[in-house]
Amino acid sequence: MSKSPALKITHRTGSYEIRVGQNLLDSVAELLSSIGAFGPVGIISNAAVNDLYGRPIREALNQADYVTRTILIPEGEEYKTLASAEQVMSALIAQGMERSGTILTLGGGVVTDLGGFVASILYRGVKLVHIPTTLLSMVDAAVGGKTGVNHTSGKNLIGSFYQPDLVIMDVKTLETLQARDRISGYAEMFKMGVIRDTSYLKFLVDHMDECLAVESGDILIQAITRSCELKAEVVEVDEKEADLRRILNFGHTLGHAIESTLGYGVVRHGEAVILGMYGAGWLSNQVGDLSMEDWDKLSTMLKRIPLELPLKSLNPEAIEMATRLDKKVANSQLNFVLLHRLGDAYMQTGIPTLMIKLAVDAIRSVWEGSE
Ligand SMILES: NC(=O)c1ccc[n+]([C@@H]2O[C@H](COP(=O)([O-])OP(=O)(O)OC[C@H]3O[C@@H](n4cnc5c(N)ncnc54)[C@H](O)[C@@H]3O)[C@@H](O)[C@H]2O)c1
């Protein structure tokens with residue numbers, strides 16, 4: 001096993017480790033036995049990721065006498081549904097999955113969200129190991145214990161808080177990722193820097209090329225590890241998103257609205273979050289107390305992230321309406337995460353509708369020509 005810093009994450013009912021490194025898939029059996037997982041292993045993945053990385057994992061597990069079952073879900077956000085979760089559970093039960101077994105998710109955030117949800121309800125909860133294979137799922141979806149599926153009324157409306165027993169992040173798997181998926185994951189690391197740690201933000205900006213390069217190295221390992229550490233600090237204080245955890249939604253109110261109005265699959269989650277961070281930064285300066293100096297810094301950094309987006313159709317009215325459907329609406333008030341300054345985020349309620357539309361105009365004025 002090559003260099004693999006272990007990050008210990010503590011939560012209300014226990015703790016787990018995140019391993020970040022290169023060529024960790026070879027050691028999957030050793031890592032599973034280290035958490036006392038000895039029953040059957042139900043691997044949940046999709047065909048593309050399974051073709052790339054499923055075999056070495058199964059071979060390593062089978063050699064160590066683990067019984068493995070592989071369940072593949074179709075590609076795409078539209079299959080992150082309750083119906084898919086039920087099909088996965090039916091297949092697992094039919095194939096002899098036991099209460100003592102382990103769900104091992106192998107894939108991006110769609111797979112880790114769906115697989116985590118299945119693990120939380122199958123037999124009232126089985127062991128869960130995530131092997132996230134996109135940068136976004138490494139730094140976000142697989143850390144923090146949120147699982148879920150979509151409903152026709154909105155994204156991630158059904159789900160649970162369920163902490164994994166182990167997360168294995170092999171950065172080598174990122175070498176097959178598409179460029180836009182790298183940018184999407186970079187956006188979530190960038191967000192952690194903006195809301196919690198300006199020296200980390202500087203590190204990410206200084207090393208953007210290494211973070212977005214095909215070849216993964218120590219810089220990327222450091223960037224992922226620090227992002228997970230920052231997220232864990234927030235989640236440890238507020239596991240169930242009653243308060244502090246809500247700052248992790250910086251850029252997500254407008255980001256989700258942009259995603260849903262353009263249609264899922266048109267923009268990546270993190271790409272939409274980059275636009276959403278721009279809008280939230282603009283609002284922080286216009287209706288909050290973010291200084292002009294910090295807004296200049298933030299907007300300059302965001303504009304440097306290479307984005308190729310079909311933005312002609314960004315519609316301020318539709319996006320403003322979509323923000324009202326967001327889960328962050330409470331007591332009919334839209335909660336927006338704003339910045340006092342770089343590294344310091346807070347929740348603000350009651351942002352006027354007009355300002356939200358103007359924030360979308362500000363986004364359009366920067367990116368509209370990038371098609
Ligand atoms: N639970 C949470 O806290 C949380 C946080 C953020 C996002 N999410 C969820 O995560 C999902 C988005 O995750 P995502 O961006 O990883 O998308 P994704 O899971 O759709 O993966 C993106 C694409 O990359 C492919 N892929 C995965 N790994 C690959 C690899 N190593 N090489 C080549 N291709 C690979 C996938 O097949 C897919 O086509 C959304 O459903 C979102 O709601 C959840």
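Since we're looking at a predicted model, the values are computed, not measured. Start at 1 and go down the list; that is how both ligands and their atoms are numbered.
For atom 34 (N) of ligand 1, the closest non-hydrogen atom of the protein is Leu177 CD1, 4.0 Å. Considering only non-hydrogen protein atoms, atom 41 (O) of ligand 1 sits nearest to Glu77 OE1, 2.7 Å. Asp181 OD2, 3.9 Å is the protein heavy atom nearest to atom 23 (C) of ligand 1. What sits closest to atom 33 (C) of ligand 1 on the protein, heavy atoms only, is Thr176 O, 3.1 Å. The protein non-hydrogen atom at the shortest distance from atom 28 (N) of ligand 1 is Thr133 OG1, 2.7 Å. Among all non-hydrogen protein atoms, the one lying nearest atom 27 (C) of ligand 1 is Thr134 CG2, 3.3 Å. With hydrogens left out, the protein atom closest to atom 20 (O) of ligand 1 is Val110 CG2, 3.5 Å, a heavy atom.
Residue Thr147 has no N or O atom closer than 3.5 Å to an N or O atom of ligand 1. By the 3.5 Å distance cut-off applied to N or O atoms, His269 is not counted among the residues near ligand 1. Considering both main-chain and side-chain atoms, Gly109 comes within under 3.5 Å of ligand 1 through a nitrogen or oxygen pair. Geometrically, ligand 1 and Ser137 share no nitrogen or oxygen pair separated by less than 3.5 Å. Close N/O approach between Leu174 and ligand 1 is not found [any backbone or side-chain N/O within under 3.5 Å].
Listed by number with element, the atoms of ligand 1 under 4.0 angstrom from any heavy atom of Leu136 are 7 (C), 10 (O), 12 (C), 13 (O), 14 (P), 15 (O). Proximity to Leu52 (heavy-atom distance under 4.0 Å) selects the following atoms of ligand 1: 32 (N), 33 (C). Near Tyr53, meaning under 4.0 Å from any of its heavy atoms, are these atoms of ligand 1: 31 (N). Listed by number with element, the atoms of ligand 1 under 4.0 angstrom from any heavy atom of Glu75 are 36 (C), 37 (O), 38 (C), 39 (O). Atoms of ligand 1 lying under 4.0 Å from at least one heavy atom of Asn156, given by number and element, are 43 (O). Residue Lys155 has at least one heavy-atom neighbour below 4.0 Å for each of these atoms of ligand 1: 40 (C), 42 (C), 43 (O).
Thr253 and Thr323 share no side-chain donor-acceptor pair at under 3.5 Å. With no hydrogens or angles considered, a side-chain donor-acceptor pair links Glu98 and Ser100 at under 3.5 Å. Under the 3.5 Å distance criterion, with hydrogens and angles disregarded, no donor-acceptor pair is assigned to the side chains of His252 and Glu259.
For atom 8 (N) of ligand 1, the candidate residues are Ala142, Ser45, Gly116, Ala141; the nearest heavy-atom contact is made by Ala141. When Asp51, Thr173, Val143, Asp140 are checked for heavy-atom proximity to atom 31 (N) of ligand 1, Thr173 turns out nearest.
Under the 30°/60° scheme for interplanar angles, the aromatic rings of His207 and Phe203 are found to be tilted. Between His256 and His269, the two ring planes are tilted [angle within 30° to 60°]. Using the six-membered ring where Trp is involved, Tyr66 and Phe38 have ring planes that are parallel, under 30° apart on the 30 and 60° scheme.
A 6.0 Å sphere centred on CZ of Arg55 holds no more than 12 heavy atoms belonging to other residues, nucleotides or ligands. At most 12 non-hydrogen atoms from other residues, nucleotides or ligands lie less than 6.0 angstrom from OH of Tyr79. With a 6.0 Å radius and a threshold of 12 heavy atoms from other residues, nucleotides or ligands, Glu233 has its CD atom above the threshold. Summarising the local packing, CE of Met89 is surrounded by more than 12 heavy atoms from other residues, nucleotides or ligands at distances under 6.0 Å.
Using a 4.0 Å cut-off between charged nitrogen and carboxylate oxygen, Glu188 and Lys231 do not count as a salt-bridge pair. The existence of a salt bridge linking Glu308 and Arg180 is excluded, since no basic side-chain nitrogen approaches an acidic carboxylate oxygen closer than 4.0 Å.
In terms of heavy atoms, Leu248 sits closest to Lys191 at O-NZ, 2.8 Å. Closest approach of Gly109 and Ser137 over heavy atoms only: N-CB, 3.4 Å. Of all non-hydrogen atoms in Pro164 and His130, the two that sit nearest each other are CB-CD2, 3.8 Å.
When heavy-atom distances to ligand 1 are checked against a 4.0 Å cut-off, Arg268 has no atom that comes that close, whether in backbone or side chain. The part of Asp113 lying near ligand 1 is the side chain, judged by heavy-atom distances below 4.0 Å. With a heavy-atom cut-off of 4.0 Å, Lys80 touches ligand 1 through its side chain alone. With a 4.0 Å heavy-atom cut-off, ligand 1 is reached by the side chain of Val49 but not by its N, CA, C or O. When non-hydrogen atoms are compared, ligand 1 lies under 4.0 Å from neither the backbone nor the side chain of Glu188.
In this structure, atom 25 (C) of ligand 1 has its sub-4.0 angstrom surroundings free of protein heavy atoms.
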